[in-house]
Amino acid sequence: MARPYEPHSFEEKWQSVWDAEGLYSVTEDPGKPKKYVLEMFPYPSGDIHMGHVRNYSIGDVIARFSVMRGYSVLHPIGWDAFGLPAENAAIKSCTHPAKWTYANIETQAASFRRMGFSYDPERMVRSCDVEYYRWGQWIFLKFWERGFVERKKSPVNWCPSCKTVLANEQVIGDGVCWRCKTPVEKRELEQWFFKITEYAQELLDDLDTLAGWPERVKTMQANWIGRSEGAEVDFEVCDAGGEPSGETITVFTTRPDTLFGCSFFLLAPEHPLVSALVSGTAHESDVQAVVKAAARETAVERASGEAEKLGAFTGRFVVNPVNRQKVPIWVSNYVLMEYGTGAVMAVPSGDQRDFEFARKYGLPIPPVIVAEDDSLHEKLSGTRERVMDDVPWAQAYDGYGTMVQSGQFTGMRGGKASEGMKAVTEWLESRGQGRFSINFRLRDWLISRQRYWGNPIPAIHCPVCGLVPVPEDRLPVVLPMDVDITRGETLADHPEFYETTCPRCGGPARRETDTMDTFTCSSWYYFRYCDARNDAQAFSRARADYWMPVDQYIGGIEHAILHLLYSRFFTKVFADMGLAAAREPFTNLLTQGMVKKDGETMSKSKGNVVAPEDMVAKYGADALRAFILFMAPPDKDLDWNQDGLEGMSRFLGRLWRYVSDVAEASDPGPLDSAAICDTAGKALLRERHRVTGKVTDDIEAFGFNTAISAMMELLNAAGDYRRDAPAGSRSAALERDVAETLVLLVAPFAPHMAEELWREVLGHPGSVHREPWPASDPALAAADEVEIAVQVNGKVRAKLTIAADASEDAIREAALGLPKVLEHLEGLTVRKVVVVPGKLVSVVATA
RNA sequence: GCCCGGGUGGCGGAAUUGGCAGACGCGUCGGUCUCAAAAACCGAUGGCCGAAAGGUCGUGCGGGUUCGAUUCCCGCCCCGGGCACCA
């Protein structure tokens, strides 16, 4: 009597065997094509959740499938182990972040192992290990050497809850911290930056090369980089007496074609010139009021665009270079110091914000671009001088149209990237008062953090020499373990750490006490995996060039900008440093959807967490893995439902029983397909080849749910054959072939059961996971007879069974001869017959 | 406001160079087995009308193209996500 399907009797056994056999250890193999399959490495939060199960199950199927398809597969795992939660947990439970982190890694790794994921154990990295982070420091120094590191004072985002600054990318939604969702504050601080803006253009351009990325991720990155084409225009400032002073303020504009419509000029409240312009004048108090009001606005208000537009006149003027007209300088809160130059030429007829501001403060709104169908078009067409100072419009017009009241440019076509835009810019350029310019929204990456549990920035502040890098041969700067985090201490509270001497002059100096953003650790870990135990280099070029780029990257959409943009930047700098050839890190990207419960994200606070461990305890890892992939396509959100898991367990049990039953007969030897002549046998043989082909195609297209459906169909067909075909006529060789095929197909999804069946039940000596993927013969997959639907006037009236290779004429004739069809054609004349071979016949008839 | 993604049975979902809507699974109902239950197996299962044969409606809504539309086009509605005073 065959054993029942009891996953707990063998799942952990095989995990040990696989480890002992070194099944997942991989080295560079020039004889095979390589494939680098990578899931985003996890933060060791302690317990695994369904999102992990889903993410890593997807990767594991792709990795195992790729091995069976003959690739040399790199499939590593590691831990993104620095970060704030460890500090918070340490404070809460009076322990050390390191202790908490390493303990979590241990439990989480055990859970991953219990899921049966196929990771190369020799490549595991932990970003909080000095063997790893020392190379992060080395990279920092190399970036510094090449001019990509900068320490500067600027308005930065401060999270009051995390008590540290954040990069722009880490402020999400309505101006809240990406990690704790607290509204961030602006502070003027001196901080460390990576000059990611130097790569803005390439980061944007190369999105076009990423054919294997979801369109929306590329769109989000493109929007984030925010390239604008336009011009810089120099405006001469008038002195207090209203006479041109020779000094200029430059603005960036995407619409130089509207320059003749500039009726006022704006400065951001934080603009350094503001106080100089108004100090001691009658306008000072009004302007200061606006500046103070702007400073009080929270990031949330300002970012949402809901803050009311406030402004005050400075009493001063600039000269519009195209018409020498004097326009008043105002200060307003809707001008951002961070974008462009912090100064704006306001064209209220062409920009909605300027329009609203002009209406509020009674400033002129001279039209300069009018649409052909606008009532003003006829009135102003060809008018060079300004004759009209207001518009009968309810809002600004920013579309294309004819330039009016625009001097020698009048009559040209205006609008974005228009003829007029080019002509005005060229004219300015010829006079040295402007130039074509490109502006990016992307800011430099702020990488310093005022936190303890991170990678120390290898820099020294010397009162004599200034900022001095820690010399390469003195790396690593080791993170001291005796900082008392339970009292909220950071490195800045630890003189033993920061008191040092200057490497350049030898005098007393202070070591930098900020640590690096954890996103710096995750920006290059996939390079380290290629050569994880190298203690002389971050990684060797040869190994990196063998494995990189990652062929398939899998992770959450929440990193659409953050981690994925930073990693692309690192990879480009590495390439320019000659460290590796790849200019893009991830060739194909799969962003998996969230796992929810009753439409909500699972969280402890909502009390709706379904623990994967409980599911494994009840149904085994195989059922859980297969089920979470069966529930929905990987990129879609899914709602957890335990009943379905039970169903998956049933399917695996049926498969187990089928293979066990078939294996009871002695091995009949290889199948001769040509020997299968009976209808039932041929049908099963066809199904075996059809399904094999479909599972192969589906896995390649990430259609894991339909791949599993197809296996179910094959098992159903095999069961029907076993049940319905007369005992004497059944082919043992066919059944054996179908059983083995099913085991091979299911191996990436349910690796333990497949292994138990393969080795113990079917009696093969080696691992199923080293077997070649089963082949599908399209000739055998094709049916020799097909059923065709016959429609009369658009409605299916009959079915026709006919040879698959029947000619169109034969199909037409057979269809028109069917009794049902004749019945529906009675009294009608056939006007047209459409034949789609293999699909249907459509008869059109009228009275 | 702008940009993506989505809307298909009781549920998850399947089907797209336009060709039989609802594969596969869950659930439900009925049956076999059992003293009984569980497990397992078999069968039915979009709505409406009908005893049945069959008919008819049906892929968010309204139009259009076509022999034929879940699929293509036009105009909307709803849900989810991203961006948002970016000059």
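Side chains are part of it too, since the values below use all heavy atoms of this structure and drop only hydrogens, waters and symmetry mates. Naming: A, B, ... by sequence-line order, numbering from 1 per chain.
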*Return the nearest nucleotide to the side chain of A:Arg441; candidates are B:G54, B:C86, B:C67.*
B:C86
*How far, in whole Å, is B:G25 from B:C42 if one measures between their P atoms?*
11 Å
*Look at the aromatic rings of A:His563 and A:His559 and report parallel, tilted or perpendicular, splitting at 30° and 60°.*
perpendicular
*In whole angstrom, give the distance that lies between atom CD1 of A:Ile561 and atom C1' of B:C4.*
13 Å
*Decide yes or no for A:Ile628 and A:Trp640: does some side-chain heavy atom of the first lie under 4.5 Å from some side-chain heavy atom of the second?*
yes
*Among the candidates B:A87, B:G55, B:C67, find the nucleotide nearest to the side-chain atoms of A:Val335.*
B:A87
*Distance, rounded to the nearest Å, where A:Asp354 contributes CG and B:C86 contributes C1'*: 12 Å
*Using the P atom on both, measure B:C72 against B:C83 and round to a whole Å.*
28 Å
_How long is the straight-line distance from OG1 of A:Thr591 back to CD of A:Glu558, given to the nearest 0.5 Å?_
9.5 Å
*Provide the distance between the two P atoms, one in B:A21 and one in B:G75, to the nearest whole Å.*
29 Å
*Evaluate side chain to side chain donor-acceptor pair (under 3.5 Å) for A:Thr846 paired with A:Arg831, printing each intermediate quantity in order.*
CA-CA 7 Å; A:Thr846 57; A:Arg831 302 289 172 191; 2.6 Å; yes
*Is the backbone of A:Val347 close enough, under 3.5 Å, to the side chain of A:Thr258 for a donor and an acceptor to pair up by distance?*
no
_What's A:Arg227 touching, base or sugar-phosphate or nothing? Going by heavy atoms closer than 4.0 Å._
nothing
Under-3.5 Å N/O pairs linking protein and nucleotides 42-49 of chain B:
from	atom 1	to	atom 2	distance (Å)
B:C42	OP1	A:Arg723	NH1	2.9

*So A:Asp351 and A:Arg255, salt bridge (Lys or Arg N to Asp or Glu O under 4.0 Å) or not? Walk me through it.*
CA-CA 10 Å; A:Asp351 182 287; A:Arg255 295 293 303 279; over 6 Å; no
_Gap between atoms CG and P, on A:Asp724 and B:C41 respectively (whole Å)_ = 14 Å
*Counting Watson-Crick and G-U wobble pairs only, both distances under 3.5 Å, name the nucleotide matched with B:U45, or none.*
B:G27
*Taking for each residue the nucleotide of RNA chain B bearing the nearest heavy atom, is the 5' side occupied by A:Gly342 or by A:Ile172?*
A:Ile172
*asked:* What's the gap between B:U59 and B:A69 when it is taken at their P atoms, as a whole Å value?
replied: 11 Å
_Output the rounded distance in Å from CE (A:Met337) to P (B:C86)._
17 Å
*Reckon A:Arg216 touches a base, only the sugar-phosphate, or nothing at all at heavy-atom distances under 4.0 Å?*
sugar-phosphate
*Donor + acceptor pair across side chains of A:Arg568, A:Gln221 (<3.5 Å)*: yes
*Of all the choices, B:A87, B:A40, B:G54, which nucleotide is nearest to the side chain of A:Arg657 once you look at every atom?*
B:A40
*Which of parallel (below 30°), tilted (30 to 60°) and perpendicular (above 60°) describes A:Phe252 and A:Tyr339?*
perpendicular
*Taking O4'-C1'-N9-C4 for purines and O4'-C1'-N1-C2 for pyrimidines, is B:G5 syn (within 90° of 0) or anti?*
anti
*asked:* Please encode protein proximity along nucleotides 9-27 of chain B as a string of B, S and -, counting only heavy-atom distances under 4.0 Å.
replied: ---BSS----BB--BBSSS
*Which nucleotide in B:C85, B:C67, B:G82 has an atom nearest any side-chain atom of A:Met220*: B:G82
_Counting neighbours of CZ on A:Arg216 that are heavy atoms of other residues, nucleotides or ligands and sit closer than 6.0 Å, is the number greater than 12?_
no
_Inter-nucleotide C1' distance (B:G64, B:G12), Å rounded_ = 34 Å
*Examine the side chains of A:Trp224 and A:Glu169 and answer whether a donor and an acceptor come within less than 3.5 Å of each other.*
yes
*Out of B:A87, B:C86, B:C57, which nucleotide sits closest to the side chain of A:Lys795?*
B:C57
_Lys/Arg cation over aromatic A:Tyr334: A:Lys309, 6.0 Å, 45° cone_ = yes
*Which nucleotide, in any strand shown, forms a Watson-Crick or G-U wobble pair with B:G1, with both distances under 3.5 Å?*
B:C83
_A:Trp393 and A:Tyr397 aromatic ring geometry - parallel, tilted or perpendicular at 30°/60° bounds_ = perpendicular
*Please give the nucleotide sitting opposite B:G19 as a Watson-Crick or G-U wobble pair, both distances under 3.5 Å, or none.*
B:C67
*asked:* Distance check, P atoms only: B:G9 and B:G46, in whole angstrom units.
replied: 13 Å
*Take the protein atom NZ of A:Lys416 and the nucleotide atom C1' of B:C2, then report the distance between them rounded to whole Å.*
10 Å
*Gap between atoms OH and C1', on A:Tyr339 and B:A84 respectively (whole Å)*: 13 Å
_Can you check the distance between B:G27 and B:C79, where both ends of the measurement are the C1' atom (answer in whole Å)?_
25 Å
_Need the pair for B:U32. Rule: Watson-Crick or G-U wobble, both distances under 3.5 Å, any strand; none if unpaired._
B:A40
*Rounded to the nearest angstrom, tell me the gap between atom CD in A:Glu229 and atom P in B:A87.*
12 Å
*Nearest-Å distance, CZ (A:Phe651) to P (B:A39)?*
20 Å
*Of A:Arg797 and A:Thr253, the one whose closest RNA chain B nucleotide lies more 5'*: A:Arg797
*Distance between the P atoms of B:G10 and B:G58, in whole angstroms?*
16 Å
